[in-house]
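Written below as structure tokens is the structure these notes are about.
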There are 2 protein chains.
Amino acid sequence: MAAEGSSGGNRRYDPDRKARIIEATLEVIAVQGVSGTTHRRVAEAADVPLGSMTYHFASLDDLIEQAFLKLTQEIAHHFDAAFQKAQTAEEAREAVVDVMCGWFAMTERKMTLILELYAYVARKPDIRHVMTGWMAKSREALERHFSPDVATSLDAIIEGATIHNFMYPEGIPREAARRIVAKLSS
Amino acid sequence: MAAEGSSGGNRRYDPDRKARIIEATLEVIAVQGVSGTTHRRVAEAADVPLGSMTYHFASLDDLIEQAFLKLTQEIAHHFDAAFQKAQTAEEAREAVVDVMCGWFAMTERKMTLILELYAYVARKPDIRHVMTGWMAKSREALERHFSPDVATSLDAIIEGATIHNFMYPEGIPREAARRIVAKLSS
DNA sequence: TTGCGCTATGTACGTTTGTACGCATAAGAC
DNA sequence: GTCTTATGCGTACAAACGTACATAGCGCAA
């Protein structure tokens with residue numbers, strides 16, 4: 001498996017290795033949590049030797065940080081795309097409702113990863129830039145359609161609704177979300 | 001220190017031991033995260049021998065679960081008290097604003113613990129009852145003052161605003177929070 | 001006082017961890 | 001073809017881990 005490299009080689013010189021390790025790291029974090037993420041488990045998931053871990057990444061924390069950075073960039077990109085598509089104010093409001101309850105990209109796996117990220121960031125102030133970068137992108141996307149004040153409130157309600165929908169059964173029905181967004185964006 | 005037991009003993013037979021271990025567990029989780037929480041570290045923080053850990057708790061997960069349960073009960077209790085105090089609708093709305101930005105009980109430490117809890121619960125469906133119990137209490141407190149629909153939306157905005165206020169500098173100013181609550185509870 | 005039984009603890013054990021490092025090996029110059 | 005160089009990896013190691021368990025210490029009945 002995975003023997004179809006670009007240069008015909010069976011191993012050795014695989015420029016996608018680092019990216020694949022990062023991908024595998026997210027997979028391991030999603031299943032085992034940060035607390036269960038080890039060099040060996042990630043290496044197995046990415047199908048690379050253990051030595052590759054310390055070769056490509058300075059430390060385990062470095063690896064986790066890079067993985068989280070990729071996660072936020074991906075999500076921010078999807079988020080931005082969802083709002084770039086909206087043309088009218090009505091469509092923008094509907095996009096907020098989409099994101100609030102059952103976004104296409106907000107799978108259970110991703111939500112788990114986000115919560116792991118939050119907990120991780122809370123204890124490591126030096127990687128808070130990952131969050132602020134993400135936040136800035138989200139805010140920017142929202143402010144293309146709403147005033148700064150409204151954008152702030154929508155950002156918060158998206159955060160809260162997403163978490164509640166994930167944590168509790170039923171959560172917030174789509175109709176209720178629509179009413180909330182209407183109130184907030186008035 | 002801590003030698004003022006009820007029966008004059010210096011050690012041995014200390015009925016508060018278990019509670020103190022749970023307290024210490026929260027302390028360790030807040031600083032080191034769940035991933036850095038070990039029997040040994042908790043034992044040191046609680047100033048009890050390592051053997052006490054496996055004696056009082058079936059496993060490390062059992063300990064963490066009990067610690068988180070205590071955390072949610074405490075927070076839910078404070079939350080409930082804050083709303084029990086409110087008499088008029090106006091006071092209830094102001095209580096929501098209080099909780100949204102800079103609650104007395106929502107210290108950085110507690111917020112960190114909550115985020116650790118979220119991440120923990122996401123990977124352990126069998127302790128979701130801790131969350132649903134907390135949620136039920138919060139909802140109950142809110143529904144004493146607001147309709148079910150409004151209570152749901154306020155619950156979500158509290159969640160989101162609290163997290164955003166914790167993650168990002170400035171966050172949501174008090175005045176903005178007041179406007180948001182006014183819109184949502186109309 | 002003496003003996004019993006339960007509570008509590010010190011210690012030891014087998015695993016797993018992060019990381020360092022010497023060596024194998026492919027790529028490129030000639 | 002041969003030699004050189006730098007990239008990538010197998011392996012080893014000390015530290016730390018969760019947990020089991022034999023036994024030490026105390027309250028209490030007699």
Side-chain angles (χ1 to χ4, degrees), chain A residues 1-25 27-29 31-68 116 120 123-124 127, chain B residues 2-25 28-29 31-68 116 120 123-124 127:
Chain A
M1 59 183 82
E4 39 195 357
S6 52
S7 62
N10 37 12
R11 269 299 146 88
R12 210 55 185 260
Y13 203 64
D14 165 17
D16 296 340
R17 215 192 216 16
K18 193 168 173 180
R20 207 168 64 249
I21 291 175
I22 290 179
E23 201 76 36
T25 304
E27 197 55 44
V28 172
I29 293 176
V31 176
Q32 311 267 3
V34 170
S35 76
T37 299
T38 69
H39 276 147
R40 285 168 175 81
R41 271 203 260 254
V42 173
E44 190 181 19
D47 192 35
V48 298
L50 175 61
S52 282
M53 295 292 118
T54 49
Y55 180 73
H56 287 290
F57 301 92
S59 70
L60 190 60
D61 274 332
D62 178 38
L63 171 62
I64 291 174
E65 179 174 336
Q66 291 198 41
F68 276 142
E116 289 284 342
Y120 191 78
R123 269 177 308 106
K124 304 224 168 194
I127 67 152
Chain B
E4 40 198 358
S6 51
S7 62
N10 39 10
R11 267 303 142 85
R12 211 56 184 257
Y13 203 65
D14 166 17
D16 296 338
R17 216 195 220 7
K18 194 169 174 180
R20 207 169 64 249
I21 291 175
I22 290 179
E23 201 75 37
T25 304
V28 172
I29 294 176
V31 176
Q32 311 268 3
V34 170
S35 76
T37 299
T38 69
H39 275 148
R40 285 169 176 80
R41 272 203 260 253
V42 174
E44 190 182 18
D47 191 35
V48 298
L50 176 60
S52 282
M53 295 293 118
T54 49
Y55 179 74
H56 288 289
F57 302 92
S59 70
L60 190 60
D61 274 332
D62 178 38
L63 171 63
I64 291 173
E65 180 175 336
Q66 291 198 41
F68 276 142
E116 287 285 340
Y120 192 78
R123 270 176 307 106
K124 305 227 169 192
I127 66 151

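Order of the sequence lines sets the chain letters (A, B, ...), proteins ahead of strands, with each chain counted from 1.
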Taking atom [atom2] of [N] as reference, at what distance in whole Å does atom [atom1] of [X] sit?
X       : N      : atom1 : atom2 : result
B:Phe57 : D:dA20 : CZ    : P     : 16 Å
A:Leu60 : C:dG18 : CG    : P     : 5 Å
B:Glu44 : D:dG18 : CD    : P     : 14 Å
B:Gln32 : D:dC17 : CD    : P     : 10 Å
A:Arg40 : C:dA20 : CZ    : P     : 13 Å
A:Asp62 : C:dG18 : CG    : C1'   : 14 Å
B:Ile64 : D:dC17 : CD1   : P     : 13 Å
B:His39 : C:dT9  : NE2   : C1'   : 14 Å

*Taking all non-hydrogen atoms of both residues into account, name the closest pair between B:Ile22 and B:Phe57 and its distance.*
CG1-CZ, 3.8 Å
At less than 4.0 Å, is any side-chain N or O atom of [X] found next to OP1 or OP2 of [N]? Yes or no.
X       : N      : answer
A:Ser52 : D:dC9  : yes
A:Tyr55 : D:dG8  : yes
A:Thr38 : C:dT17 : yes

*Earlier contact from the 5' end, DNA chain D, for A:His56 and B:Met53*: A:His56
_Identified side chain to side chain contact (heavy atoms under 4.5 Å, CB included) partner of B:Val42 from the options B:Val28, B:Ile64, B:Leu60_ = B:Val28
*So, does B:Arg123 use its side chain to make a donor-acceptor pair with the main chain of A:Val31 at under 3.5 Å?*
no
*Have a look at A:Thr37 and say if it touches a base, only the backbone sugar-phosphate, or nothing, with a 4.0 Å heavy-atom cut-off.*
sugar-phosphate
*Kindly say whether, by distance alone, the side chain of A:Arg17 makes a donor-acceptor pair under 3.5 Å with the base of D:dG8?*
no
_Spacing of A:Asp47 atom CG and A:Ile21 atom CD1 [to the nearest 0.5 Å]_ = 10.5 Å
*Looking at the side chain of B:Leu50, which of C:dT11, D:dT11, C:dT9 is the nearest nucleotide?*
C:dT11
*Can you find a pair of side-chain heavy atoms, one from B:Asp61 and one from B:Lys124, that are under 4.5 Å apart?*
yes
